[in-house]
Structures are given as C-alpha cells and as structure tokens.
Visitor: 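This is the structure, below, for whatever I ask next.
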Amino acid sequence: MSTCSKPPTALDEILASGVLRVITKSGPTTYYRGTKEFEGPEYLLLRGFRNFLNAKYNRNLKLEITTIDQLSAILPAVESENFHIAAAGLSITEKNQQMVAFGPTYQTVKQSLIYRLGTGKPRNLSHLDGKKLEVMAGASYIDTLKNKQLKHPDLIWSENPNAEVSELLMAVESQDIDYTIADTTSFQIYRQYMPDLRVAMHLKESDQIAWAFNLNNSSSLRVEASKYFNTIKENGMLEQILDRYYGHTTTFDYVGARTFIRHFDSRLSSYRSLFEKAAKENSIDWRLLASISYQESHWDPSAVSRTGVKGMMMLTKVTADSLGIKNRVDPKQSIPAAAKYFSMLHQRLLDIPEPDRTWFAMAAYNIGFGHLQDARHIVRLNGGNPNRWLDVEEALPLLAQREWFSKVKYGYARGWETVKYVSNVRNYLGTLNWLTANKQPNKNRATPIKHNLNTELNKKSTVLTF
C-alpha cells in the first residue's frame, strides 16, 4: 500500500524555509540602490508583502531579491519554480499568461512610441518605414508590435537583449536610433533628464501591471497577495508608494528642464563643494540641498525675490539673523546656514515617516513651519492623515481661502505655490541624481538583434537578502 501526498505549495515552502524569493530587474520603476538605502516601487511593495505575511503567520521571513540583466529571463525563472514571485513592472498579456499566473493589477500604464523633437513626428505606423525602431528584448512591447504588424506588414524593429529602457531613450535623444517604445511611467521619469523626447502615439492604451507567479503551485500565495493589495489600496499605501516615485513626474516644463541641464553644466560646479560640505555636516543629501537652491535662485548668488529675499538659498533676514549670517548673498555663508535651517525643520517633523518627512520640510522651508502646521490642522478637520503628503498638498491651497485661513493660527498663505515648490524640487532632485550618475552617456551600446532571431539568455544576476 502506498500513499501519495500533495507537493508543498509556494506558500508552504516560504513559511517552511523562512525566505520569500523574488526576481526583478533593476531600474527606477522597480528596484535600485538609493543614496541611503534600497528604493523603488517594487521593492517597497515586496517589503510590505513580506511584512504582511510575517504579521499573519507570526514569522520572521527574509526577503531575497535577485536582479537579472535579461528581462526575457524573468518569467521563465518563475515558471521553473526557482522564484516565488517576479516583480518587474510586468504586463499581463495572453502570451505571458501561458507561462505564469498573475496577481492583482496594481498599476495601469500606456505603451508609447517615442521620438525626438525636431526629427518629425510620425502620424501613423506606416511613417516608420525605413526608420530605426529598437526595443528591449523580452518586453511586452514586442507582442504589441506583432499585433500591429498584422495590419502593417512592413513594420520592422530590432530587439536589444542588453539595453535598458534608459539607454534606448538616450539613443533616441542622441539620434542613434529613430524610435523606441516606453511605458508611461518610464517616459515621464526620463523626459525630465532628456527633455527633447516626445510621445508620437500610444500603441497600447491600457497595459495592466502585476506580479507573476508559478502557474502550478501558487494559488494560496496569490490569494495572500490579493488580500495584501486590497489592504494597501484601502489604507492608501499603494497610492502613497506610486506618488512617491511618479507623483512629481506628471507635470513637465520643457524650457525649465533644458535650463536646469544647461545650468548643471555652467553653474553647479562652482558651488558643488559648498553643497557637499554643508550637507555632510547636517546629515542631508547634497543633491537635495542643491535642488532647493536651484528652485530658490537657479544657483545665482545675486538673486533677489519679488519680496526682497536674497541669495542662493533665499533666506529671509529674520532667518539669516537667527542663524548668525551677516551676508545672505555670500554662498559660503548662505549655503551652510540653509543646510542647518533645513535640518532643523526636518528634526521638528520626527513624527512623519520618510519620504514625506523630507517633503514636509521642503514645504516648511518655503511657506514657513507655522503655515505647514496650519495645513496639517486643516487635514485633521477634514478627516485626513496629517502625516501624509498626499493629504497635506491638497490642504495647502486652502490656506488662501477665507473659509479655511480664518480657522487656523497663522492665517492666509499662498499654499498653492508651496505645492508647486515641492513638486519642482522633487523633479530637480531626480534630475540631479540622474545627471550626476549618467552625465556622460555610453555611446557603445550593445548591438541589437533582429526580432526573429534567437539569443542566449544573459545569466548574470545579483542576490540581496533583507
């Protein structure tokens, strides 16, 4: 007599081994090493899911994240049961659903054909004839192109097995290729750094993004993932994570972006060492300090605001006097003073988790700590969360309405300007992070392969455990 037992499910294996194994691809829309710690929307979502399982099952699970260079290798890695989850901004497509099972959709994006301003906007796909269209190998964009090819048989493209979307966008910017395809979130991030990029047309209007699981053993794990996403949708955490990485990218100022890049080349080098030294002494990121300075003065030490505030950091006379500054237009005095002042504001907001705490401090730097507290009070009156930037940025413009400023301690304020101020600084910070890391674009891109050829998968990967 023999007995057969069911093989363990993915959830059983995770709970027994104490490790949740995930595969992803590094990038600003997934997972990357930030200035102080690991970052990225997928990383925060995965860390939250690990904590969700820990709380429910009374465990202390480790989160093991493997990054792989080859996008096309991610789904096969889950299909072969080497990983419990693939989390890399993956699209739900009919082809992919034959390989893996998907969890709940947590984001919807568009797939866009990208071209460079001044090279001629194609009106339809027939205008791509004779042009160079290059895309990432393994991306869902290829399925979209194959569908389009049914109506446009002359549509030709190349697949690059090694290039990141950022490299392909840079290639369009430098006119090494004519077109590429990117999703909404990637394009909105990178256009801040490459302002001449434009959307020619949307090739797919609704591309649903979700985690991928093994088809055969993941049903109980997917149930838990669905419960987790329902929870973070209801409590606002999902919205907060998406806003953290994409909220400031939805607005775009072409002239402002080009001016910032020009001033990065012509002005920043004269003051970078001052920003670095002052930031280090006050335990803040020098790029953040420089971004605030750019918003205030465009790195011009002789700048004067319409209200008479002066210098690179636009310190008021009262603030300068309180910090012992004699000359506000002297960068050697104003930059260290501003770093100290920002640090003081940041310390007064200890009850607010990051990154919102930093954005609150930016707002206080602009509008004053008292007015910021008034806005938080309005949030409380409206039943919101006064420690959440999404709620406070909605309340700040109300400080200009008598109905509301009459109810708070410090009265009228131009709160809508502060919302724009914080958004601008966040954009400048993102651009500065990019420029300091990527100012010299790599012209030696990997040679692409034609879309009908096979290629050996790049097995290179990195594993980190949290």
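Any value given below was found using the heavy atoms of this structure, including those in side chains, with hydrogens, waters and symmetry copies removed. Remember, predicted model here, so these are calculated numbers, not experimental data.
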Visitor: If the threshold is 4.0 Å, N to carboxylate O, is there a salt bridge linking Asp196 and Arg116?
Guide: yes
Visitor: Taking 4.0 angstrom as the limit, do Arg244 and Glu354 come out as a salt bridge?
Guide: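 Salt bridge absent between Arg244 and Glu354.
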Visitor: Test your reading of the model: is there a side-chain donor-acceptor pair from Thr436 to the backbone of Asn433, 3.5 Å cut-off?
Guide: yes
Visitor: Quick one about Asn385 and Arg380 (side-chain donor to acceptor, distance below 3.5 Å, no hydrogens or angles considered), yes or no?
Guide: no
Visitor: With the threshold set at 4.0 Å, does a side-chain nitrogen-carboxylate oxygen contact exist between Lys204 and Asp207?
Guide: yes
Visitor: So, Arg33 and Glu39, do they make that salt bridge, N to O below 4.0 Å?
Guide: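 A salt bridge is absent here (no side-chain N lies under 4.0 Å from a carboxylate O).
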Visitor: If I take atom CG from residue Leu169 and atom CD1 from residue Ile181, how far apart are they, to the nearest 0.5 angstrom?
Guide: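 Between atom CG of Leu169 and atom CD1 of Ile181 there are 11.0 Å.
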Visitor: Applying the ring-ring contact (aromatic ring centres under 6.0 Å, His included) test to Trp299, which of Phe264, Phe260, Tyr428 qualifies?
Guide: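 With Trp299 as partner, Phe264, Phe260, Tyr428 yield a single ring-ring contact (aromatic ring centres under 6.0 Å, His included), made by Phe260.
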Visitor: Hey, what do you get for CD (Glu164) to CG (Leu71), rounding to the nearest 0.5 Å?
Guide: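 Here the interatomic distance stands at 9.0 Å.
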Visitor: Given 3.5 Å as the limit, does a donor-acceptor pair link the side chain of Asn427 with the main chain of Asn424, or not?
Guide: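 Checked: no pair found.
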Visitor: So, Thr144 and Gln111: side-chain donor and acceptor under 3.5 Å apart, yes or no?
Guide: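 Note: Thr144 and Gln111 side chains meet the donor-acceptor criterion.
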Visitor: Do the side chain of Ser291 and the main chain of Arg287 share a donor and acceptor less than 3.5 angstrom apart?
Guide: yes
Visitor: Ignoring hydrogens and geometry, is there a side-chain-to-backbone donor-acceptor pair from Asn96 to Ser91 under 3.5 Å?
Guide: yes
Visitor: Aromatic ring centroids of His263 and Tyr294 under 6.0 Å?
Guide: yes
Visitor: Between Thr9 and Asp12, do the side chains contain an N or O donor and an N or O acceptor separated by less than 3.5 Å?
Guide: yes
Visitor: Looking at Val19, is its backbone amide N or carbonyl O close enough to the side chain of Ser17 to form a donor-acceptor pair, meaning the two atoms are under 3.5 Å apart?
Guide: yes
Visitor: With rounding to the nearest 0.5 Å, note down the distance linking CD1 in Ile189 to OG1 in Thr249.
Guide: 6.0 Å
Visitor: Output yes when Arg258 and Asp253 qualify as a salt bridge under the 4.0 Å nitrogen-oxygen rule, no when they do not.
Guide: no
Visitor: Using ring centroids (six-membered ring only for Trp), state whether Trp434 and Tyr193 fall under 6.0 Å.
Guide: yes
Visitor: Any donor and acceptor pair, going by atom type alone, linking the side chain of Ser112 with main-chain N or O of His202 inside 3.5 Å?
Guide: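 A pair under 3.5 Å: no.
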Visitor: Which value, rounded to the nearest 0.5 Å, describes the distance between Glu81 atom CD and Leu215 atom CG?
Guide: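 Reported value, rounded in 0.5 Å steps: 10.0 Å.
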Visitor: In plain terms, say whether Glu276 and Lys280 are close enough for a salt bridge, that is, a side-chain N and a carboxylate O under 4.0 Å apart.
Guide: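 Result for this pair is no, no salt bridge flagged.
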Visitor: Sorted by first residue and then second, give each ring-ring contact (aromatic ring centres under 6.0 Å, His included) pair with at least one member in residues 221-249; sequence neighbours left out.
Guide: Phe49-Tyr228, Phe52-Tyr228, Tyr106-Phe229, Trp211-Phe229
Visitor: Is there a donor-acceptor contact under 3.5 Å from the side chain of Asp178 to the main chain of Lys132?
Guide: yes
Visitor: I'd like to know if the side chain of His346 and the backbone of Ala361 have a donor-acceptor N/O pair within less than 3.5 Å.
Guide: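 Such a contact is absent between His346 side chain and Ala361 backbone.
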Visitor: Rounded to the nearest 0.5 Å, what's the gap from CG on Asn366 to OG1 on Thr418? Could you check?
Guide: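 Here the rounded value is 4.0 Å.
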Visitor: Check this for me: Lys95, atom NZ, are more than 12 non-hydrogen atoms of other residues, nucleotides or ligands nearer than 6.0 Å?
Guide: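 It does not: Lys95 NZ has 12 such atoms or fewer within range.
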Visitor: Give the intermediate values and the outcome of side-chain contact (heavy atoms from CB on, under 4.5 Å) for residues Phe213 and Phe102.
Guide: CA-CA 6 Å; Phe213 303 79; Phe102 284 95; 6.0 Å; no
Visitor: Answer yes or no: is there a donor N or O on one side and an acceptor on the other, between the side chain of Arg388 and the main chain of Gly236, under 3.5 Å?
Guide: yes
Visitor: Quick check: closest heavy atoms across Ile156 and Leu133, and the distance to 0.1 Å?
Guide: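 That closest heavy-atom pairing would be O-CB, 4.0 Å.
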Visitor: Is the backbone of Asn82 close enough, under 3.5 Å, to the side chain of Arg21 for a donor and an acceptor to pair up by distance?
Guide: yes
Visitor: So do the side chains of Leu398 and Asn382 get within less than 4.5 Å of each other, counting heavy atoms only?
Guide: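 Heavy-atom side-chain distance check passes, below 4.5 Å.
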Visitor: Between CG of Leu11 and CG of Leu221, what distance do you get to the nearest 0.5 Å?
Guide: 6.0 Å
